[in-house]
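Here the structure is laid out as C-alpha cells; the discussion comes afterwards.
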Amino acid sequence: MNLTFKHKLLAAGICLLPVTGFAADASEALNYGWLEADYINFDIDQPNEDSIFSEDFDNGGGFGVSASLPLSEMFFLFGDYSETESDFTFVDNLNIVQPAGTDLQRLNLGAGVRLPMSDRADLVLSGAYTDLDYDHFGVVGSAGNNSFDDLNEDASDGFILDARFRMQLTQALEGSIGARYTEIEDADGLSLVGNVLFELSPNWGINLSLDAGDELMTYGAGVRYSF
C-alpha cells in the first residue's frame with residue numbers, strides 16, 4: 001500500500017464534522033433545516049500526555065460549511081464540506097502516517113430519518129457517502145480527477161453511519177449525543193458524537209460539536225442559521 005493511499009485512509013479520523021445535530025426553533029419542535037459555518041480544532045492523542053487540555057489541545061484544524069434540508073416530517077438530506085490540516089506528523093491507531101501540513105478536503109453527502117420519541121426529542125438515524133482528497137479536491141476520483149464514472153476508482157471514499165438521540169433541553173438550548181461508524185476502504189472506526197446548540201433567536205444560534213475517537217478528538221464551533 002503506497003504512502004498516499006495510507007494518508008487518505010487516515011483522513012477518516014481527521015476531518016470529522018458532525019453530520020447530524022440539527023437546529024431547533026426555540027418555540028417549536030425540532031427543526032431539520034439549517035445552514036452552518038464552523039471553525040474546526042483537532043486534539044490528537046500523543047505519548048506521555050496527561051490531559052486532553054495540555055500542550056496538544058490545538059493540533060491543527062480548519063473551516064467547514066454544512067447544510068440540512070427537510071424533505072418531509074420524517075426524512076431529510078444533508079451535506080458538508082471542510083478544509084483542514086494537522087500541525088505535525090504522527091501515527092494514528094491504524095498505524096497510518098499523517099504528515100504535518102497536509103491539506104485535507106472532505107465532502108459528505110447523505111440522508112437521514114427522524115423517529116420522534118416525544119414532542120421535543122427524536123432518535124435520528126443517518127448515513128452519508130464521504131469523499132476525501134489531498135491538496136486538490138476531486139469528487140469520486142483521486143486528486144485532480146473530477147470523473148463521476150466509477151466510484152471504485154477513488155481509494156479515498158467510503159461511508160459514515162450515525163445514530164443520535166436529539167432533544168430540546170430548554171427553550172433556548174438543544175443537545176444531541178450518539179455514535180458514529182466510519183469506513184473508508186480498509187480503515188474503519190467508532191466515535192462518540194454530540195453537540196450543544198445555544199439558540200440566540202428562532203433563526204440564529206451558536207453550535208458547539210464534538211467527535212471523540214480513540215486517538216483524535218475533533219471540536220467544532222460555528223454559527224447556524226435555521227429555517
Side-chain angles (χ1 to χ4, degrees), residues 7-23 34 36-46 49 51-53 56-68 78-87 90 92-94 96 98 102-112 122-133 156-167 174-184 187-198 205-224:
H7 292 166
K8 291 183 176 182
L9 295 183
L10 175 64
I14 294 296
C15 306
L16 294 179
L17 275 177
V19 177
T20 55
F22 303 93
W34 51 265
E36 183 170 326
D38 291 280
Y39 169 74
I40 306 164
N41 184 79
F42 298 149
D43 179 8
I44 301 167
D45 192 22
Q46 298 181 63
E49 71 170 0
S51 171
I52 62 171
F53 298 106
D56 79 329
F57 177 72
D58 185 4
N59 297 149
F63 297 91
V65 292
S66 58
S68 176
F78 61 84
D80 61 70
Y81 174 78
S82 63
E83 295 189 2
T84 56
E85 68 176 40
S86 61
D87 288 344
F90 70 99
D92 78 341
N93 60 328
L94 298 175
I96 302 172
Q98 170 63 43
T102 300
D103 294 328
L104 300 173
Q105 297 86 39
R106 179 166 185 163
L107 175 70
N108 296 320
L109 296 172
D122 291 343
L123 174 64
V124 183
L125 306 177
S126 61
Y129 165 81
T130 184
D131 187 282
L132 299 156
D133 284 284
S156 67
D157 63 358
F159 65 90
I160 54 179
L161 299 174
D162 276 18
R164 292 198 187 204
F165 180 71
R166 180 181 173 220
M167 185 175 184
E174 177 201 316
S176 75
I177 190 167
R180 167 169 297 166
Y181 174 76
T182 302
E183 181 171 313
I184 296 184
D188 60 9
L190 288 170
S191 60
L192 174 71
V193 289
N195 84 300
V196 176
L197 178 67
F198 299 90
I206 302 297
N207 189 44
L208 305 179
S209 58
L210 171 69
D211 190 313
D214 289 339
E215 304 295 329
L216 173 71
M217 299 184 74
T218 302
Y219 303 90
V223 177
R224 178 176 292 187

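Just so it is clear, the values below take in all heavy atoms, side chains as well, and ignore hydrogens, waters and symmetry mates. From a predicted model like this one, the values you see are computed outputs, not experimental measurements.
Just one residue in the list I184, L107, L109 forms a side chain to side chain contact (heavy atoms under 4.5 Å, CB included) with T130, and that residue is I184.
Side-chain contact between I40 and S82 is present, with at least one heavy-atom pair separated by less than 4.5 Å. Residues T218 and L210 have side chains not in contact (no heavy-atom distance under 4.5 Å, counting atoms from C-beta outward).
Closest approach of D80 and S66 over heavy atoms only: CB-CB, 3.4 Å. Minimum interatomic distance between F78 and G112 (heavy atoms only, all atoms of both residues): CE2-N, 4.2 Å. Considering every non-hydrogen atom in both I160 and R106, the closest pair reads CG2-NH2, 3.4 Å. Listed here is the closest heavy atom pair of M217 and A212: CE-CB, 3.9 Å. The minimum heavy-atom distance linking L208 with F198 is given by the pair CD1-CE1, 3.7 Å. Contact between R164 and L123 at its shortest, heavy atoms only, is O-CD1, 3.2 Å.
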Exercise. Taking it one step at a time, do I206 and V223 satisfy side chain to side chain contact (heavy atoms under 4.5 Å, CB included)?
Worked result: CA-CA 5 Å; I206 302 297; V223 177; 4.1 Å; yes
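Note that CG of N195 and CG of D211 are 11.5 Å apart. Values are rounded to the nearest 0.5 Å. To the nearest 0.5 Å, the span separating CG on L197 from OG on S209 amounts to 10.5 Å.
Between Y181 and F159, the angle of the ring planes lies from 30° to 60°, which puts this pair in the tilted group.
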